[in-house]
Engineer: 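Dumping the structure here so I can ask a few things about it.
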Amino acid sequence: MNTSPIKIAPSILSADFGRLAEEVAAVTAAGADWIHLDVMDGHFVPNLTFGPAIVKAIRGASALPFDAHLMIARPDDFIDAFRAAGADSITVHAESTPHLHRSLSRVRASGARVGVSLNPHTPLSALEYVLDEVDLVLLMTVNPGFGGQSFIQAVRPKIRALREMISRRHLSVDIQVDGGVKPANVDQVIGDGANVLVAGSAVFGQPDYQVAIQTLRGSTPVGV
Ligand code: DX5
Ligand code: ZN
């Protein structure tokens with residue numbers, strides 16, 4: 001179980017890229033907690049999105065924390081650029097870097113909150129010797145690369161085991177789940193121990209962002 005307040009982090013991957021700043025402002029007004037930025041390079045994942053210039057261009061559209069999820073090879077080369085562009089947290093994939101501890105140290109040195117991500121198949125043992133260094137663990141609940149995929153149920157025991165690992169060590173680390181998060185499975189992932197929910201299509205694919213965000217929180221918005 002977890003007792004932290006739940007945070008909703010809409011992923012702009014599912015936003016209208018032609019109106020990105022407006023979309024970021026809209027989910028901010030609709031009650032989002034963080035803005036999730038999916039950065040893809042066509043190497044680590046089979047898709048391309050955007051780099052620091054776009055992050056900088058939309059930074060003024062919201063005062064919320066910008067949460068950069070780097071799905072890129074050689075993340076060390078870009079950490080400072082994303083930080084300078086306005087990222088408040090920077091998450092690197094354990095699978096993307098041969099020297100994970102060094103990459104996480106570089107994020108720490110940049111001044112950003114430190115995140116580490118695991119693909120669905122990557123065991124928690126990858127975190128054994130770095131967990132004390134991070135503020136956030138992002139557990140992928142789809143294979144990274146695209147929005148709108150189905151939640152992989154097999155990751156649920158990993159969420160529970162991670163929450164136990166964090167409690168056992170008396171750490172304060174966010175557990176973020178990313179991929180296929182929908183109103184139908186939020187109770188499950190929260191019960192498993194997640195406290196930050198990334199949602200792309202479940203927010204930007206909906207007609208009313210406020211209703212979408214409140215529905216993910218499990219409550220009905222005032223006036224609806
Ligand atoms: C996938 C990204 C996710 C994605 C989530 O590689 O990391 O953030 O946008 O999209 P949905 O919520 O539609 O699965
Ligand atoms: Zn993501």
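Each ligand, and each atom within it, is numbered from 1 in the order the structure gives.
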Engineer: Determine whether F66 and F82 satisfy the following criterion, ring pair (Phe, Tyr, Trp, His ring centres under 6.0 Å), listing intermediate values before the conclusion.
Structural biologist: CA-CA 10 Å; F66 270 23; F82 280 102; over 10 Å; no

Engineer: Provide the number and element of each atom of ligand 1 under 4.0 Å from a heavy atom of M40.
Structural biologist: 6 (O)

Engineer: Can you check the angle at the Zn ion (ligand 2) formed by OD1 of D38 and ND1 of H69? Round it to the nearest 10°.
Structural biologist: 90°

Engineer: List ligand 1 atoms under 4.0 Å from P144, heavy atoms only on the residue side.
Structural biologist: 6 (O)

Engineer: Just go through G200, A15, S14 and tell me whose heavy atom is the nearest to atom 12 (O) of ligand 1.
Structural biologist: G200

Engineer: Please state whether G148 comes within less than 4.0 angstrom of ligand 1, counting heavy atoms only.
Structural biologist: yes

Engineer: Between I35 and I12, does the side chain to side chain contact (heavy atoms under 4.5 Å, CB included) criterion hold? Intermediate values first, please.
Structural biologist: CA-CA 7 Å; I35 303 297; I12 63 168; 3.9 Å; yes

Engineer: Does V107 offer a backbone N or O that forms a donor-acceptor pair with the side chain of R83 under 3.5 Å?
Structural biologist: no

Engineer: Could you tell me which atoms of ligand 1, counted from 1 in the order shown, lie closer than 4.0 angstrom to a heavy atom of V198?
Structural biologist: 8 (O)

Engineer: Hey, are N195 and Q176 close enough side-chain-wise for a donor-acceptor pair under 3.5 Å?
Structural biologist: no

Engineer: Give the atoms of ligand 1, by number and element, whose distance to some non-hydrogen atom of D38 is under 4.0 Å.
Structural biologist: 2 (C), 3 (C), 4 (C), 7 (O), 8 (O), 9 (O)

Engineer: With heavy-atom distances below 4.0 Å as the criterion, list the atoms of ligand 1 near G147.
Structural biologist: 10 (O), 13 (O)

Engineer: Find, among atoms of D178 that are N, O or S, the one nearest to the Zn ion (ligand 2), and state its name.
Structural biologist: OD2

Engineer: I'd like to know whether the aromatic ring centres of H93 and F44 sit less than 6.0 Å apart in this structure.
Structural biologist: yes

Engineer: I'd like to check which ligand 1 atoms, numbered from 1 as shown, lie under 4.0 Å from a non-hydrogen atom of L13.
Structural biologist: 4 (C), 9 (O)

Engineer: Quick one: pull up CZ in R74 and NE2 in H43 and give me the separation to the nearest 0.5 Å.
Structural biologist: 8.5 Å

Engineer: Looking only at protein heavy atoms, which one is nearest to atom 14 (O) of ligand 1, and what is the separation?
Structural biologist: G180 N, 2.8 Å

Engineer: Is the shortest N/O to N/O distance between G145 and ligand 1 below 3.5 Å?
Structural biologist: yes

Engineer: Which of the numbered atoms in ligand 1 are under 4.0 angstrom from any heavy atom belonging to A199?
Structural biologist: 12 (O)

Engineer: Would F151 count as a contact of ligand 1 if the rule is a heavy atom under 4.0 Å away?
Structural biologist: no

Engineer: With heavy atoms only and a cut-off of under 4.0 Å, state how S201 meets ligand 1: side chain, backbone, both or neither.
Structural biologist: both

Engineer: Tell me which protein heavy atom sits closest to atom 1 (C) of ligand 1, plus the residue, atom name and distance to 0.1 Å.
Structural biologist: F146 O, 3.7 Å

Engineer: Any atoms of ligand 1 less than 4.0 Å from a non-hydrogen atom of H69? List them with their elements.
Structural biologist: 7 (O)

Engineer: Applying the side chain to side chain donor-acceptor pair (under 3.5 Å) criterion to R113, which one of D67, D88, D135, D174 satisfies it?
Structural biologist: D174

Engineer: What I want to check is whether the side chains of D38 and T49 have a donor and an acceptor closer together than 3.5 Å.
Structural biologist: no

Engineer: Is there at least one pair of N or O atoms, one from M71 and one from ligand 1, spaced under 3.5 Å apart?
Structural biologist: no

Engineer: Parallel, tilted or perpendicular: which fits the ring planes of Y209 and F204, with parallel below 30° and perpendicular above 60°?
Structural biologist: perpendicular

Engineer: For residues T122 and K158, is any side-chain donor paired with an opposing acceptor at under 3.5 Å?
Structural biologist: no

Engineer: Heavy atoms only: which of L138, V39, D178, V45 is nearest to atom 7 (O) of ligand 1?
Structural biologist: D178

Engineer: I'd like to know if R169 and D132 make a salt bridge, using a cut-off of under 4.0 Å between side-chain N and carboxylate O.
Structural biologist: yes

Engineer: Please tell me whether S103 and D76 have a donor and an acceptor in their side chains that are separated by less than 3.5 angstrom.
Structural biologist: yes

